[in-house]
Every structure is written in structure tokens, then in C-alpha cells.
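I have placed the structure first, in the form of C-alpha cells, so that the comments after it can refer back to it.
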Amino acid sequence: MTNGREQWSSKFGFILAAAGSAVGLGNIWKFPHMAGENGGGAFTLIYLICILVVGLPILLAEFTLGRRTQASPVGAFSALSDGSRWKWLGMLGVASAFVILSFYGVIGGWTIKYSLLALAGSFSDIASSAGGAQAEFDQFVANPVEPIFWHMIFMGLTVLIILKGVKGGIEKWSKALMPILLGILIVLVIRGVTLDGAMEGIRFLFSPKWGDLTTEGVVLALGHSFFTISLGMGTMITYGSYLRKDQDLLRAGLWVIFIDTAIALLAGVAIFTAVFALGQNPAGGPGLIFVVLPTIFPQMPGGAVFGFLFFALLFVAALTSAISILEVVIAYFIDEKQWSRTQATLAFGGIITMLGIFVSLSFGEYNVLKSFGEMNFFSLMDNMSSKYMLPIGGFLTAVFVLTRWGVPEFLKELQTGAAGMKIPLIPAIAVFGFAGLVVAYILLYEVFKVMFGAG
Ligand code: PFF
């Protein structure tokens, strides 16, 4: 089975591909607005702790599971548990990929539209229009045709990259796009911090206001730490399965987490310096990016260029993540069902694009979930994945390592390729146990809240 499996061409290529998966809409769109609504620095601190305490061990578990078995999630769990029911944990990952990509692709489409709006200099018209940027945004997403068109373009690009395979598609494009992403972000950070009043924004992001942090905020931070590092659905198992034995996985994991966190924080700096300097509300919610920013860019010198760069950044980040989500589905059909890459990519890229069409339509008058309060397909898919599917996947992965595969085997795989590294067993067990307990607590909190309305 491992014969002829595709492989990354270099250690660096793997790190960039994994970082490309991790860095996405979660860093640039979700993290800043979540921090904005949940106490700024206090949320940032909890988020950093969750990433180190829970994210890192589960990331390493996923890398090692993939590399040991040279298989995508279903095959990996199955191989290490003698074909037992654990394979359903892999199936949960494939299901999560459908759920996440269906809304991810829609927002990916919005980023293309907004890049072009910025480039055409339309943000100033938007900001000064009757209902302002909010009305323009609401009208755009509710339109039954245009956002679907951009969604299809975004998904088309995702499919084209995946068709080219691991080395020629995912690795090549991650290597090309990640440096561009970093370059754009640095330009935007410099623009942000040189605005008058920028310090307010930095203070907001980094100085904790504990009073604004609720238990709900802590739960969000944990769920987000899974989403932002692409954990809990086997993406990193899949990427790990294309690895050779000579990669130091601990070092790779630390790099991925460092890049992901640094980019989220830099995006926060770029956004909040501008938001505060130009007197806007940081708690703008999910619309912070698509509503608040288009009114800010026209007020700064060079706004059209910076506006374009910002949305291009969001687009690039979304694309390198979207390919990793689609790859989970494709690898399953290649490994387990013996489909060709082309067949699997065209079929499932197409099916997920169709699901996305429902998500997009649910922003407008075709929202069949209207009767369930504020819900639409987007919020349903987003909540289902970040609050439940990814944490459950991550929790069960920790349980799998602890009870089925065994921490000693995990350590053996982790130390392969890391010359001279020796991690003691008992602390490693404690780390997994603790990570599992934290996630279990958060999941129970969510379940109790839904059942009894506590909070
Ligand atoms: N990590 C991506 C982000 O922060 O936007 C989202 C994501 C990608 C989640 C891949 C899950 C995944 F498997």
C-alpha cells in the first residue's frame, strides 16, 4: 500500500504546506473578530495557552499517526487498531471536511469579490452609499447569483491545485503563496502601526480585560485552537502520511504552531491598529472584515492598494487551507476506494461546491433554516464543525493515542528523524491526559448549555 505513495519533496515543503493549511480564514478573519468580542488580550492569552497545551500534543499525534501508517485517517486508525471501530474516527474527519469546505469555499469567493472591489477603488463608494458598507455587504451575500459565481471560481482553483497532486500541487503552491502572504501581511502591519492612534489597537489586542472574558469566550478559544491549526479531522494525519522518516516532527510541529500564531497576531495588529486609529468599533463581529474594513481603507493614504492587498491576503490564506481540506476527502477515496486522483477530485470537488451553493443561498431569501432563529446554513456548518466535530475528533485522537496505539509507540514515531531526542514517557502521558480532559470539559460544557441553557 505504501508503495508509490506520493511524498513531499523536502522538509521545508512539508512545513510550508502544513503551515499553509493552518493559516487561513481562521487567523485573519475569525481570530481578530473573536478577540474583539471577547476581551481582546484576555482572549488572546487563553487562545495561546490552548494552542500550547491542547493543540501541540494533538498536532504531533496527527503527524505521527500519518507518518507511521503512510495512510489517510480512515486507513491510519484502522491499521493501528486491527480494523476496529476506530476507523469511524477517520470517517468523522472526512465528514468534517465536507462540512467545513462547504462554507469555507463561500467565504473564499467573497475574498475574491472584495479584492476586486478594492482594486477598482469602489470602497469609497461603498462607504458613502446610503446604507453604508453593512447594507452593501448584506445585499451582496444575499444575492442568489453573484456570490455563487465567486464561490465556484474559488473552488475551481482549489480543485485545479489538488488535481496536480501532493508535490506538484499542494507543495508547489504552498511554497509560492506562503511567502507572498507573509510579505503582504508585513506591509499591512507597517501601514497599521504608522497610523496616528495605532497604539490603542495594540493595547486592545494584548492587554487583558478579564471582565470581558466569559466562560463562553474560553470555550470559543479552545474550539478555535482546533480550527486554526486544522486539527481534529485528520488533515495533519493526511499531510503526515506523505512524509519520509527523516523529518523531525516535534520541530515541524513547533514551526507550524509558531507560524500560525504569529500570523494571527500580526493580522490582529494590522486590523486593530487601523480600526482604532480610524475610530471604529473593534467588536464588529464577523462583519469586522467585510463591513468595517471597507469603510476604513478609503480614509487612509494609499487605501485602494492596501485594501486590495488585505483581501488578496485573505484569499491566499483561504486557498492554501481549502486545498488541505479537500485533500482529506480525496486521500480517502484514493487510499480506501482505489479511485484515481482525477476522478476523486472532480467528483468530490464538484459535490462540495454544490453544498456550498446551499450555504451561499442561505444568506438570502432561500434560507430554509429561517424558522430556527438566526440560523442559516453558514452558522450551522460553522458551529457544528468548530464547536463539536473538531473538538470531538481531537478528543478521540488523544484517547486513541492513550488507550489504543499507546504513548510509547507515539514517542517512538516522534523520535524517529529527531536525532538524539528523548522524551520521557510519564510526562508525555500526562500531557495527553491533560489535553483530553480539557477538551472533554469543554465539550460537556457545550452539551449542558444546549440541554439546560446554562451559561
Ligand atoms: N486552519 C484553517 C484556518 O485557520 O482557517 C481552517 C482549517 C483548515 C480547518 C483545514 C480544518 C482543516 F482541516
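Whatever order the structure lists ligands and atoms in, that order sets their numbers, starting from 1. Atom set for the values below is all heavy atoms of this structure, side chains included, hydrogens, waters and symmetry mates excluded.
Cation-pi geometry between Lys30 and Phe227 is met: the NZ or CZ atom falls under 6.0 Å from the ring centre, inside 45° of the normal.
Aromatic pair Phe432/Phe410: ring centres closer than 6.0 Å. Aromatic ring centres of Phe63 and Phe14 lie closer together than 6.0 Å.
Protein residues having at least one heavy atom under 4.0 Å from any atom of ligand 1 are Ser21, Ala22, Gly24, Leu25, Gly26, Asn27, Tyr104, Phe227, Thr228, Ser230, Met233, Thr235, Ser321, Ser324, Ile325, listed by chain and number.
Glu327 and Arg341 are joined by a salt bridge, as a carboxylate oxygen and a charged side-chain nitrogen come within less than 4.0 angstrom of each other.
Other residues, nucleotides and ligands place more than 12 heavy atoms under 6.0 Å from the CE atom of Met384. Around atom NZ of Lys175, more than 12 heavy atoms belonging to other residues, nucleotides or ligands sit under 6.0 Å away.
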